Amino acid sequence: MSSHQPSIFNDVIGPVMRGASSSHCAAALRIGRLARSLMGGAIDEVLVEFESKGSLATTHETQGSDMGLFGGLLGWDLVDERLLDYAAGMRASGIDIRIEITDFETTSPNIYKLTLGNSQGSHELIADSIGGGMIEVLAIDGVPLSIRGDCHETLIFHEGDGEEFCRRLGTHFEESEVFMRAEGRTIEVKAQHFLDADVRMRFRDEFPIQHWLELERVLPVPSHPGTALPFTSCAELLAYDAGKERELWELAVDYECARGHLDPEDVFERMREIVRILQGAVRLGLAGTEHEDRILACQSGAFSERMAAGNLLEGGMLNEIILQVTAMMEVKSSMGVIVAAPTAGACAALPGAVLGAGTVMGLSLDQMTRGMLAAGVIGIFIATHSTFSAEKSGCQAECGAGSGMAAAALVTMAGGTLDQALSASSMALQNMLGLICDPVAKRVEVPCLGRNVLAASNALSCANMALSGFDAVIPLDEVIDAMDEIGRGMPCELRCTGLGGLSTTKTSLAIEAKLEDRCSS
Ligand code: SF4
C-alpha cells in the first residue's frame, strides 16, 4: 500500500468538481479537508505558505487554490455552491487566515505548507498537489508520511511500546483491511474506518499517548492492502488479454474491479453517472454561462447557430465535437460542475470527443460509457508511469493525455479492435508531445479552450488513422515514457507558472491587470 496504485475514478476520470483547475481547486480542497479533520473540525487560525519559486506563488489566487483550500478548511465538498463566494464563507467562519510567499525547501512546485491552530494546540501539515486533483500529504508535525486520502488515516504519537500498541490495535481491524506502520514514536494506520470513540479512550487510558490524530478519506475509491492489479502498462495489458480478445473497456472494468475491490456493475454504473454529469454540463454550457473573473465571453452559442445554419466549413462530427468541447469549457470557466478528465484544465477534450462523436453516431448512454472506460485505462498507464500535472510536465500532461485517452475511446465507440485503440492512443499522444503550459492572465481559458479543441480533433484524426490500419510505430508505453522525460526537461517558466510563453505577452499582462481591477472594484 505504500506504492500508489491509481484508480480510474480517483486518478483519471474525476473528481466531479467546480473550478478552473483540478490541481489547484480540487487538490487544495482535499488538502483543506484533511487539515480540518487533523484539527478535529475546529480551526481558529491558519498560516498558508507557498514557496516563492513554485507554481502556487503566482497562481494560487487566479487558478483557484485559495478557493479550494478555504472551502476544504470549512468542510465543504467539491461541488458546493458556496465555493462561488468562498471569501464571504471564510469571513463568516471567523477563521484567521494568512497567506505568505516564503522560501522553504521543497521537491515539488505545488507545495502547501499549513500551520493550523485552535484552543487545543497547533499542527503543521505539508502537502503536494500532484495533478488532476490528486494529493499527497508529505509530513505532519515534521514526521515524513505519504497520505493520499484513499483511506481513513490514524496517526498516533506515543511514548510507549510501539510493538505492543500495534498488536493490540490490529485486533480491532480485519487483516485484509488495514495497513499499519510503526516508526520511532509514531504509529500510522491506514484503514477503512476509524476506531470507535470508546476503544480510543481505552487505548488512551492504557498507553502513554501524546496525540491521536485522524484524517478522513477524501477520495471516492478506497485502497486496500495487498491488492494485486491485473496490469499496470500497455505491454502487461496485452499479455493479460492474450487469447481472450476482449475490448479495452472490458479490461478497464477488470482493472477497476481489482483496484477498488468493486464489482463490475458498480464500476460500469459509476462511469454511467460520470457520462450523465458530462451530458448535464454540455446542456448547461449551451444554455449560456456567465462569470465575472473570466476572459472569454460565451462562444458556444454562436458556434451552434452558425453550425445549424450551415455557415461553417463542413466538419461533420468534428464540428459537433468542437461545440461540445466549447460548451464544457465555458461551464468550467463559470464555476459550474464539471468532471476533471483527466484534469479540469483539460476537462473537455476527452468528454467533448466522446459526447460529440456519440451524438453524431446516435450512440446510447452505455456505448459512450464504454468509450469513457476505455479512456480510463489509458489514463491509468499515464498516471502510473508519468503525471497529469501541468506544473510538472506542461500541457502535454493535460491536453496531451486527454487526447491519447480520447483517441482510444473513439476507436472503442466505433467498434475498433484493442490494437487499434492502443495505436490511436499512441499516435495521439505522440502528436501532443512537448506542449507547454502558458495560460493567459494566469486563468485556465486561453489557450486552454483551443488546446482542448486541438486535443479532441487530434483524437478524432488518430482514431480514423488507426481504424484504417495506420502504424503508430512507437508503442504507447514508450510514448508515455518519452512524455515524462520531456516534462522533466521543460523549463519551469513553461509549466503553469505564468512566467513564460503566452502568459507574459503584452496582451496577457494587460488582460490580467484588467481582470484584477474588475474583481477588486
Ligand atoms: S495550457 Fe493546458 S495545461 Fe496549461 S492551464 Fe491550459 S489546459 Fe491546463
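Every number for a ligand or one of its atoms is a count from 1 in the order of the listing. It should be emphasised that the depicted structure is a prediction, and the values quoted were computed from it without experimental measurement.
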Shortest protein contact, [atom] (heavy atom only):
| atom | result |
| --- | --- |
| atom 2 (Fe) of ligand 1 | C395 SG, 2.3 Å |
| atom 4 (Fe) of ligand 1 | C437 SG, 2.3 Å |
| atom 6 (Fe) of ligand 1 | C448 SG, 2.3 Å |

Nearest 0.5 angstrom please: F268 CZ to R370 CZ, how far?
5.0 Å
Decide yes or no for K392 and N110: does some side-chain heavy atom of the first lie under 4.5 Å from some side-chain heavy atom of the second?
no
Closer than 2.8 Å to atom 6 (Fe) of ligand 1, do we get an N, O or S atom from C399, backbone or side chain?
no
Counting only heavy atoms not in E100, do more than 12 fall under 6.0 Å of its CD?
yes
So, do F70 and W76 have ring centers that fall under 6.0 Å from each other?
no
Mark up the atoms of ligand 1 that fall under 4.0 Å of a heavy atom belonging to [X], in ascending order.
| X | answer |
| --- | --- |
| A390 | 3 (S) |
| R451 | 1 (S) |
| G345 | 7 (S) |

To make sure I understand the geometry: which N, O or S atom in E398 is closest to atom 8 (Fe) of ligand 1?
OE1
Using 30° and 60° as the class boundaries, would you call the ring planes of Y112 and F50 parallel, tilted or perpendicular?
perpendicular
Residue among T62, T59, D293 satisfying side chain to side chain donor-acceptor pair (under 3.5 Å) with R443
D293
